[in-house]
Amino acid sequence: MRVLPPVPSQGLLMSDSGAGIVEAKRDMRTSALARRGAARARHGAAVPEAAMAIRLAAAGLLGTSDVVAAWLAIGEEIDAMAVLAGIGRGDEPVGLPTMVAKGQPLVFRLWRPGEPLAERMWGIREPLPEAREAEPDVLLVPLLAFDGHCRRLGYGGGFYDRTLGRLRKVKQICAIGLAFDEVEVDSVPCAAYDEPLDHVLTPTRLLTRPLG
């Protein structure tokens, strides 16, 4: 597993005005959702994930002993589980995110395909509370938009930013965003609390966060 050092926030902040950043992110989410829907309709149900699996396998970012975290796709999202299946890890335990409370980092619980799930808000499915917790080494992360600095636009809850911030304080991790090429933007508006990704994987390429 290759892990990049933390990136300083200086030079990456759009503004120190919280209201301005929130508004810019809101506008970008609306556009990104439309672009993602159009991309899924254009590419079909499985072609992007198959191409991404090939690139992920070639990159060598997942060690055989690494605990991998992913998510269960909703709607037009990239299907992270299909990507893992494409590299031969579809039957292995994967850490799925569970929401503890608003404003708190995510907790990951191990799950295998076919095991029971509980449905939470927004149609999100989670492992049952008795499933074993695990600290991931590699996180496959959902997103709505990204830029060339591997900055990520999420859904607005801040769960992954808090989670990445916590994990990076206690261990080496590798965070890989999965996305359609069509949702790349020139610059994702970000604040001091926004955590960059180490890589962004699309059907056509693997981006690595620039150093410095």
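Since the structure is predicted, the reported quantities are computational estimates derived from the model, not experimental observations. Heavy-atom basis, side chains included; hydrogens, waters and symmetry copies ignored.
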Please determine whether a side-chain nitrogen of the Lys or Arg among [X] and [Y] lies less than 4.0 Å from a carboxylate oxygen of the Asp or Glu.
X      : Y      : value
Lys171 : Glu135 : no
Asp66  : Arg89  : no
Arg109 : Glu133 : yes

Decide yes or no for [X] and [Y]: does some side-chain heavy atom of the first lie under 4.5 Å from some side-chain heavy atom of the second?
X      : Y      : value
Leu61  : Leu201 : no
Lys25  : Asp194 : yes
Pro203 : Val47  : no
His149 : Ser187 : no
Leu178 : Leu56  : no
Leu117 : Leu96  : yes
Phe146 : Thr202 : yes
Arg152 : Leu164 : no

Audit row: Val200, Glu184, side chain to side chain contact (heavy atoms under 4.5 Å, CB included) steps and yes/no: CA-CA 10 Å; Val200 174; Glu184 183 176 7; over 6 Å; no
[X] side-chain N/O to [Y] backbone N/O, donor-acceptor pair under 3.5 Å:
X      : Y      : result
Arg132 : Leu110 : no
Asp137 : Val67  : yes
Thr98  : Glu126 : no

Give the minimum heavy-atom separation between [X] and [Y], together with the two atoms involved.
X      : Y      : answer
Val83  : Ala53  : O-CB, 3.6 Å
Phe180 : Glu76  : CE1-O, 3.6 Å
Pro48  : Gly44  : CD-O, 3.8 Å
Tyr160 : Ala70  : OH-O, 4.5 Å
Leu206 : His199 : CD1-CB, 3.9 Å
Cys174 : Asp198 : CA-OD2, 3.4 Å

Stepwise side chain to side chain contact (heavy atoms under 4.5 Å, CB included) check, Asp181 with Arg205: CA-CA 9 Å; Asp181 291 278; Arg205 59 201 169 123; 3.4 Å; yes
Interatomic spacing from CD1 in Ile124 to CH2 in Trp71 - rounded to 0.5 Å: 12.0 Å
Step-by-step side chain to side chain contact (heavy atoms under 4.5 Å, CB included) determination, Leu167 to Leu139: CA-CA 10 Å; Leu167 288 172; Leu139 282 77; 4.0 Å; yes
Shared hydrophobic cluster, Ile78 / Ile54 (ILVMFWY, side-chain heavy atoms < 4.5 Å): no
Phe159 six-ring face occupied by Arg162 cation (under 6.0 Å, within 45°):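 Here Arg162 passes the 6.0 Å and 45° test against Phe159.
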Criterion salt bridge (charged side-chain N to carboxylate O under 4.0 Å, His left out) on Arg40 and Glu49, from CA distance to verdict: CA-CA 11 Å; Arg40 176 60 80 187; Glu49 283 83 356; 2.6 Å; yes
